[in-house]
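Structure first, commentary second.
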Amino acid sequence: MKKVTTLLLKIAICMIGVTVLALCIDWLPWQANVLEAMYPEFTHLKYPLLIGIYMTAIPFFFALYQALKLLSFIDKNKVFSNLSVKSLNYITYCAITICILYVIGFIILHSQNAENPGILILGWAITFVSFVIATFAVVLKKLLQNAIHLKAENDLTV
C-alpha cells in the first residue's frame with residue numbers, strides 16, 4: 001500500500017513539473033506578448049519579467065526533485081535519516097527563494113507603476129503558496145528531527 005501511495009505522489013509531482021514546464025515554454029511567452037500589445041507603455045518590462053519568472057522556475061524544479069528524493073527515501077525505509085532532513089531543508093530554501101524573488105518583482109513593478117491586478121493576484125497567490133510550503137517543510141523537518149532523535153535513543157536503549 002505504501003509503494004502505491006508514494007507512486008501516486010511521484011506521478012502527481014511529475015505531472016505538476018510537466019505542467020509548469022509547458023506553461024513556461026508555451027503560455028508564458030504568449031501571455032507576455034498579449035500584455036505587451038495591451039499595454040505598450042510597459043514594453044520595456046517584458047523581458048525582465050520573463051527572466052524573473054524563469055528564475056523562480058529553477059528553485060521550483062529543484063524543490064520538486066527534492067520531493068521525489070524524499071518519496072524515494074520513504075520507499076527505501078530511510079525516511080528517518082539526515083538525508084530526509086536535508087531534502088526538507090532544500091525544499092524550505094527553494095520556497096523562501098521563490099517568495100523573495102516574487103517580492104522583488106512586486107517592488108520593481110510598483111516602482112514602474114505597472115501593477116496589473118491580474119498579475120498581482122497571481123503573483124501574490126504564488127508567494128503565499130510558497131510561504132505555506134516553506135512553513136510546512138520547516139514544521140515537518142522539526143518533527144522528523146525529533147523522530148530521528150527518539151529513534152537514536154531507542155536504538156541505544158535496546
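Counting from 1, the numbers follow the sequence of the chain as shown.
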*Is there a side-chain contact between I91 and K141 (heavy atoms, below 4.5 Å)?*
no
*Kindly assign one of parallel, tilted or perpendicular to the pair Y90 and Y93, based on the angle between their ring planes and the thresholds 30° and 60°.*
perpendicular
*When rounded to the nearest 0.5 angstrom, what is the spacing between OG1 in T127 and CG in L101?*
9.5 Å
*Got a sec: does the OH of Y54 have more than 12 other heavy atoms crowding it under 6.0 Å?*
yes
_A95 versus S130, closest heavy-atom pair with distance_ = CB-O, 3.2 Å
*Hydrophobic cluster identity match, F61 and L9, side-chain contacts under 4.5 Å*: yes
*For the residue pair I107 and H110, establish whether any side-chain heavy-atom pair is separated by less than 4.5 Å.*
no
*Between CG on residue L23 and CG on residue L28, distance to nearest 0.5 Å*: 8.0 Å
*S87 and F73: side-chain contact (heavy atoms from CB on, under 4.5 Å), yes or no, with the steps?*
CA-CA 10 Å; S87 288; F73 295 148; 3.7 Å; yes
*Could you pull out the closest heavy-atom pair between S84 and L144, with the gap in Å?*
CB-CD2, 3.4 Å
*asked:* Are there over 12 heavy-atom neighbours, none belonging to F80, within less than 6.0 Å of that residue's CZ?
replied: no
*Validation row: W124, F106 side chains within 4.5 angstrom (heavy atoms)*: yes
*Nearest 0.5 Å please: distance from the CD1 atom of I13 over to the CG atom of L64.*
6.5 Å
_Count I, L, V, M, F, W, Y as connected when their side-chain heavy atoms are under 4.5 Å apart, and connections chain through other members. Are I98 and V138 then in the same cluster?_
no
*Does the side chain of V34 reach to within under 4.5 Å of the side chain of M38, using non-hydrogen atoms?*
yes
*First locate atom CG of L109, then atom OH of Y102, and finally report the distance between them rounded to the nearest 0.5 Å.*
11.0 Å
_Are L49 and I121 connected into the same hydrophobic cluster when the rule is that any two of I, L, V, M, F, W, Y join if their side-chain heavy atoms are below 4.5 Å apart?_
no
_F136, CZ: over 12 other non-hydrogen atoms inside 6.0 angstrom_ = no
_Minimum side-chain heavy-atom gap K86-S81 below 4.5 Å_ = no
_Reported CD1-to-CG distance for the pair I133 and L140, which is rounded to 0.5 angstrom_ = 12.5 Å
*Are L122 and L21 linked, directly or through other ILVMFWY residues, by side chains that come within less than 4.5 angstrom of each other?*
yes
*F62, CZ atom: more than 12 neighbouring heavy atoms under 6.0 Å*: yes
*Do H149 and Q145 meet the criterion of a side-chain donor-acceptor pair at a distance under 3.5 Å?*
no
*Would L35 and F42 count as a side-chain contact (heavy atoms from CB on, under 4.5 Å) if you check the C-alpha gap in whole Å, the side-chain angles of each, and the deciding distance to 0.1 Å?*
CA-CA 9 Å; L35 288 173; F42 299 119; over 6 Å; no
_Just verifying a value: how many Å separate L83 CG and K78 NZ, rounded to the nearest 0.5 Å?_
7.5 Å
_Could you go through L88 and Q66, starting from their C-alpha distance and side-chain angles, then the distance that decides it, and tell me whether this counts as side-chain contact (heavy atoms from CB on, under 4.5 Å)?_
CA-CA 8 Å; L88 286 170; Q66 291 300 321; over 6 Å; no
_same_hphob_cluster(F131, I53) at 4.5 Å side-chain heavy-atom cutoff_ = no
